[in-house]
J.: 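Structure below; questions to follow.
Both counts, for ligands and for their atoms, begin at 1 and track the order of listing. Start at 1 with the first residue, then count along the sequence.
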Amino acid sequence: MELRIGFLASHNGSNLQAILENISSGYLKAKPMVLITNNSNAKASKIADDSCLVSICLNKKDYPQIFVSLDEAIAETLKEYDVNLVVLAGYMNKIGPLTLSAYKNRILNIHPALLPKYGGDGMYGWFVHEAVLRAGEKESGATVHMLNEDYDKGPILARCKVSVYPEDDVNTLAKRVLKVEHQLYSQVLRDIQLDRIDLDCMSGLSLPD
Ligand code: GRF
């Protein structure tokens with residue numbers, strides 16, 4: 001499948017950066033089309049600028065009648081930039097129904113834990129790693145999954161494990177997980193581009209509650 005990627009990111013954009021580097025190096029054959037962010041100060045926008053990728057800020061401030069108009073603006077922007085695959089890379093807003101239906105089976109997310117554990121509403125960033133450490137897990141990792149209406153419940157495309165050590169704190173664990181995220185996301189995208197993963201076939205595999 002030819003990949004024309006639209007990215008959505010809110011903050012650091014290190015996953016965005018890793019994917020753009022893998023495109024530049026030739027590891028991943030894909031065209032970055034646009035970055036949509038909800039935060040005008042996102043480091044992700046600077047990364048996009050440095051790569052000459054169009055970056056557009058769409059947020060609730062500009063679209064106060066949440067949630068439909070912002071949702072519509074996102075869907076329209078993705079279509080305008082001819083995106084055929086949406087990559088969420090640390091996007092801190094829920095994707096609305098219009099975008100979900102316009103890009104059915106074509107929105108991916110990365111989560112900093114081994115789903116189906118440690119996912120769901122409120123499970124983001126440090127909260128995830130805190131919960132993993134509190135539970136005394138011996139391993140954690142990253143998961144790339146397809147997006148559906150339920151937080152972190154869409155079909156899992158790939159996971160990568162890391163060890164959790166007794167001396168870990170949230171910082172050290174987050175760092176270890178992020179490192180594998182940077183490889184895993186591009187690997188999955190490459191598998192999609194090479195038709196090793198068929199997103200339409202995966203779509204029926206939602207996780208049970
Ligand atoms: C990552 O940990 C990812 O799993 C989560 O948000 C974080 C984004 O990091 N969805 P970055 O902005 O790509 O550095």
J.: Measure from the side-chain N and O atoms of Asp195 to the backbone N and O of Met1, and report whether any donor-acceptor pair falls under 3.5 Å.
T.: yes
J.: Would you tell me whether Ser14 and His182 have side-chain atoms, one donor and one acceptor, within less than 3.5 Å of each other?
T.: yes
J.: So for atom OH, which belongs to Tyr27, do other residues, nucleotides or ligands contribute more than 12 heavy atoms lying within a distance under 6.0 Å?
T.: yes
J.: Please determine if Ile110 has a nitrogen or oxygen closer than 3.5 Å to a nitrogen or oxygen of ligand 1.
T.: yes
J.: So which heavy atom in the protein is nearest atom 8 (C) of ligand 1, and how far is it from that ligand atom?
T.: Gly90 CA, 3.6 Å
J.: Under 4.0 Å, heavy-atom basis, I'd like to know which part of Glu181 is in contact with ligand 1: side chain, backbone, both or neither.
T.: side chain
J.: Mark up the atoms of ligand 1 that fall under 4.0 Å of a heavy atom belonging to Ser14, in ascending order.
T.: 11 (P), 12 (O), 13 (O), 14 (O)
J.: With respect to Leu16, determine whether any N or O atom, backbone or side chain, lies less than 3.5 Å from an N or O atom of ligand 1.
T.: no
J.: How far is atom 12 (O) of ligand 1 from the closest protein heavy atom, and which atom is that?
T.: Gly13 N, 2.9 Å
J.: To check you understand the geometry: which heavy-atom pair defines the closest contact between Ala158 and Val188, and what is its length?
T.: CB-CG2, 3.5 Å
J.: Identify which one of Ile110, Asn15, Leu173, Val162 satisfies the side chain to side chain contact (heavy atoms under 4.5 Å, CB included) criterion when paired with Leu178.
T.: Asn15
J.: Determine whether the side chains of Asn39 and Ser10 contain a donor N or O and an acceptor N or O closer than 3.5 Å.
T.: no
J.: Any N or O of Asn15 that comes nearer than 3.5 Å to an N or O of ligand 1?
T.: yes
J.: Just checking, is any N or O donor in the side chain of Tyr118 or Glu137 under 3.5 Å from an acceptor N or O on the other one?
T.: yes
J.: Does ligand 1 have an atom that lies less than 4.0 angstrom from a heavy atom of Ala9?
T.: no
J.: Please identify which atoms of ligand 1 are closer than 4.0 Å to at least one heavy atom of Asn12.
T.: 12 (O), 14 (O)
